[in-house]
**Student:** 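Can you keep this structure in mind? I'll have questions shortly.
Residue numbers begin at 1 in each chain, while the letters A, B, ... track the order of the sequences. Computed from heavy atoms alone, side chains included, the values below leave out hydrogens, waters and symmetry copies.
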There are 2 protein chains.
Amino acid sequence: MSSTTHLDPTSPSRARRDREKAETRQRILEAARELFTTQGYAQTSMRRIADQIGYTATAIYHHFQDKDSLLNELCAVDFRALGEALQTMDKIPDPVTRLRLMGQNYVRFALDHPQQFRFMFLVERPIPGPECVTIDPAENGYQFLLANVREAIAAGRLRPEFTDPEMVAQILWSGVHGLAAIHLHSPEKTHPWLDLRDPDATAAVMSDIVLRGLLREPSA
Amino acid sequence: MSSTTHLDPTSPSRARRDREKAETRQRILEAARELFTTQGYAQTSMRRIADQIGYTATAIYHHFQDKDSLLNELCAVDFRALGEALQTMDKIPDPVTRLRLMGQNYVRFALDHPQQFRFMFLVERPIPGPECVTIDPAENGYQFLLANVREAIAAGRLRPEFTDPEMVAQILWSGVHGLAAIHLHSPEKTHPWLDLRDPDATAAVMSDIVLRGLLREPSA
DNA sequence: GAGATTACCTAACACCGTTAGGTCGGCCTG
DNA sequence: CAGGCCGACCTAACGGTGTTAGGTAATCTC
């Protein structure tokens with residue numbers, strides 16, 4: 001019963017098969033990403049994903065549990081990319097300046113990667129997904145934002161009434177997130193009554209406003 | 001050709017039939033609203049909507065073009081309600097207080113009508129839609145926000161560098177819009193690393209912060 | 001009564017996500 | 001080398017979806 005028939009994990013052929021399986025898995029992910037981003041999640045069927053890479057829809061189920069976990073995995077990748085983009089600023093000494101630039105980078109990321117951004121934050125999530133825990137907090141953009149808010153509070157830069165770093169972080173996030181969402185949703189003239197200002201300029205002004213409302217007087 | 005066979009718009013029986021048709025249409029809308037809000041849009045099928053009121057799915061197509069226009073009509077109703085709710089505040093004398101309350105009402109509306117809010121602002125729009133000529137109900141709310149910003153500027157309440165009412169309005173909107181979007185997207189524990197604060201409290205604090213950053217000194 | 005209108009129905013289409021069960025080539029053991 | 005196992009992939013199918021074609025029967029106008 002416990003004989004290791006066919007199970008040798010050190011065999012070279014086993015390694016090759018593992019590699020091939022990983023490659024197939026990767027090709028599924030790439031096809032799904034392209035179709036999800038160009039056609040939308042609901043408009044992309046498992047059969048079309050499979051067609052694109054010469055497989056049958058059922059083959060996908062040997063690599064992923066269901067359609068949702070395809071999207072989940074793509075989101076995880078994009079989350080990591082966003083987190084890394086934000087963390088490039090940890091060399092800046094002033095935490096408040098970091099907060100300001102993070103906001104502007106967030107908006108820019110959203111406009112540069114509209115589909116991924118939509119994926120991560122705008123698409124209606126089917127179900128929490130228990131294995132979403134795989135996201136490393138160190139690579140998590142929100143944790144980085146939170147750390148910077150904590151640093152600003154610890155340095156006494158914020159007004160004394162702001163003692164909850166989570167709430168301050170969520171307020172900062174909300175501003176840039178909403179700006180990105182509005183621009184993503186009204187790319188052209190979908191709403192003729194809405195004359196959108198330049199997103200980067202608006203993000204900069206918004207950062208100034210929110211930070212002035214947050215900071216102690218002397219730094220105004 | 002132009003004989004009015006069967007078309008007499010003044011006939012009483014015609015009026016009765018019109019009323020009955022309108023009632024059926026209304027019952028469809030009510031059933032759709034309940035199912036959309038309790039089960040979600042994607043999880044609600046035309047057949048289930050029809051079942052709920054004793055019809056067949058195809059009957060709905062005599063009253064509405066397709067499933068989307070069902071949700072569209074519900075959205076129009078709700079956003080008109082939002083616009084009117086926001087405008088009830090025009091009795092408040094202080095334009096800045098109006099702006100503060102508008103933001104908090106916006107967040108509450110989004111959380112009270114998650115499906116409609118998502119559909120209006122978050123869902124990927126397929127195409128502007130040519131017969132969307134019916135005035136966008138969101139327009140009223142934005143125009144009202146804009147008018148209040150203009151009034152605040154004209155009254156000299158804002159710092160002198162804020163001369164563009166559109167940009168100020170879009171900044172104010174972005175904050176509450178982003179807060180609503182974040183809460184709508186993470187209703188439960190979809191993101192275990194995110195410990196969301198109470199949305200109403202956060203909206204209130206955010207309004208204070210943004211307005212302090214916007215206002216002239218004396219009113220701090 | 002004749003004919004048009006209409007609110008609703010049944011049946012079906014094409015497609016969806018997903019599962020059951022089979023095929024078949026390569027690997028491991030003897 | 002023989003033989004069995006494994007697993008990546010397939011075909012076929014299930015129950016569901018939004019939507020359409022075409023029919024029926026009641027009602028209206030004349």
Side-chain angles (χ1 to χ4, degrees), chain A residues 1-29 31-32 35-36 39-72 124 126-127 129, chain B residues 1-29 31-32 35-36 39-72 119 126:
Chain A
M1 201 60 164
S2 62
S3 76
T4 61
T5 62
H6 305 101
L7 295 182
D8 182 2
T10 65
S11 142
S13 57
R14 163 64 181 261
R16 195 208 49 182
R17 277 169 81 96
D18 279 357
R19 179 178 51 81
E20 284 175 356
K21 174 157 187 174
E23 281 170 6
T24 302
R25 190 186 149 92
Q26 200 56 35
R27 287 206 293 147
I28 293 172
L29 279 176
L35 290 175
F36 283 166
Q39 317 289 330
Y41 178 72
Q43 286 71 37
T44 300
S45 72
M46 299 295 265
R47 287 166 174 86
R48 251 193 287 272
I49 296 172
D51 276 358
Q52 178 124 335
I53 52 177
Y55 286 115
T56 313
T58 56
I60 301 180
Y61 290 86
H62 278 257
H63 301 269
F64 300 92
Q65 190 174 1
D66 52 19
K67 191 184 175 188
D68 285 349
S69 50
L70 267 178
L71 181 120
N72 261 335
E124 194 170 1
I127 265 185
Chain B
M1 202 59 165
S2 60
S3 78
T4 61
T5 63
H6 307 102
L7 295 181
D8 182 1
T10 65
S11 143
S13 57
R14 166 62 181 261
R16 194 207 54 185
R17 276 170 80 98
D18 279 357
R19 178 178 50 80
E20 284 174 359
K21 175 157 187 176
E23 281 171 4
T24 301
R25 189 186 150 92
Q26 200 55 34
R27 286 205 293 148
I28 294 172
L29 279 176
L35 291 174
F36 284 165
Q39 317 289 329
Y41 179 71
Q43 285 71 38
T44 300
S45 73
M46 299 295 264
R47 288 166 173 87
R48 251 192 290 271
I49 296 173
D51 277 358
Q52 178 124 336
I53 51 178
Y55 286 115
T56 313
T58 56
I60 301 180
Y61 290 87
H62 277 258
H63 300 269
F64 300 93
Q65 192 174 359
D66 53 19
K67 192 184 177 187
D68 278 355
S69 51
L70 266 179
L71 186 51
N72 236 335
F119 191 73

**Student:** Between B:Glu23 and B:Arg27, is there a side-chain N and carboxylate O pair less than 4.0 Å apart?
**Tutor:** no
**Student:** Can you tell me how far CD1 of A:Ile60 sits from OG1 of A:Thr24, rounded to the nearest 0.5 angstrom?
**Tutor:** 11.5 Å
**Student:** Would you indicate which nucleotide in C:dA7, D:dC9, C:dT18 comes nearest to any side-chain atom of A:Lys67?
**Tutor:** C:dT18
**Student:** Which of these nucleotides, C:dC8, D:dT11, D:dT19, is closest to any side-chain atom of A:Thr56?
**Tutor:** D:dT11
**Student:** Is the backbone of A:Leu71 close enough, under 3.5 Å, to the side chain of A:Asp68 for a donor and an acceptor to pair up by distance?
**Tutor:** no
**Student:** Do you know which two heavy atoms are closest between B:Ala57 and B:Ala50, and how far apart they sit?
**Tutor:** N-CB, 3.5 Å
**Student:** State, yes or no, whether a side-chain contact exists between B:Asn72 and B:Phe64 at a heavy-atom distance under 4.5 Å.
**Tutor:** no
**Student:** If you compare all heavy atoms of B:Asp66 against all heavy atoms of B:Ser69, which two are closest, and at what distance to 0.1 Å?
**Tutor:** O-OG, 2.8 Å
**Student:** Check whether NZ of the Lys or CZ of the Arg B:Lys67 lies under 6.0 Å from the centre of the six-membered ring of B:Phe36 and within 45 degrees of that ring's axis.
**Tutor:** no
**Student:** Base, backbone or nothing for each nucleotide of nucleotides 20-25 of chain C, written B, S, -, heavy atoms under 4.0 angstrom, 5' to 3'?
**Tutor:** ------
**Student:** Rounded to whole angstrom units, what separation is found between the CD1 atom of A:Ile28 and the C1' atom of D:dC9?
**Tutor:** 11 Å
**Student:** In whole Å, I'd like the distance from the CG atom of B:Asp66 to the C1' atom of C:dC15.
**Tutor:** 17 Å
**Student:** Closest to the A:Ser45 side chain: C:dG17, C:dT18, C:dC8?
**Tutor:** C:dG17
**Student:** Hey, could you give me the OG/CD distance between A:Ser45 and A:Gln39, rounded to the nearest 0.5 Å?
**Tutor:** 10.0 Å
**Student:** To the nearest angstrom, how far is B:Asp68 atom CG from D:dT19 atom C1'?
**Tutor:** 12 Å
**Student:** Nearest whole Å is fine: how far is C:dT19 P from A:Ile60 CD1?
**Tutor:** 13 Å
**Student:** Working to the nearest 0.5 angstrom, can you tell me the gap between A:Ile53 CD1 and A:Arg48 CZ?
**Tutor:** 14.5 Å
**Student:** If you measure from NE2 on A:His62 to OH on A:Tyr55, what distance do you get to the nearest 0.5 Å?
**Tutor:** 12.0 Å
**Student:** A:Tyr55 has an atom OH; how far is it from atom P of D:dT11, in whole Å?
**Tutor:** 14 Å
**Student:** Taking only N/O atoms, report every protein-nucleotides 12-14 of chain C pair under 3.5 Å with atom names and distance.
**Tutor:**
| unit_1 | atom_1 | unit_2 | atom_2 | d |
| --- | --- | --- | --- | --- |
| C:dA12 | N6 | B:Arg47 | NH2 | 3.3 |

**Student:** Estimate the overall bend of the helix from C:dG1-D:dC30 to C:dG30-D:dC1 from the end axes over five pairs each, rounded to 10 degrees.
**Tutor:** 10°
**Student:** Could you please name the option among C:dG17, C:dC8, D:dG18 that lies closest to any side-chain atom of B:Tyr61?
**Tutor:** D:dG18
**Student:** Round to the nearest Å and state the distance from A:Arg25 atom CZ to D:dA8 atom P.
**Tutor:** 12 Å
**Student:** Would you mind telling me which of B:Ile28, B:Leu70, B:Thr58, B:Thr56 makes a side chain to side chain contact (heavy atoms under 4.5 Å, CB included) with B:Met46?
**Tutor:** B:Leu70
**Student:** Between B:Arg48 (CZ) and D:dG16 (C1'), how many Å, whole number?
**Tutor:** 9 Å
**Student:** Measure from NZ on B:Lys21 to P on C:dT6 and round the result to the nearest Å.
**Tutor:** 8 Å
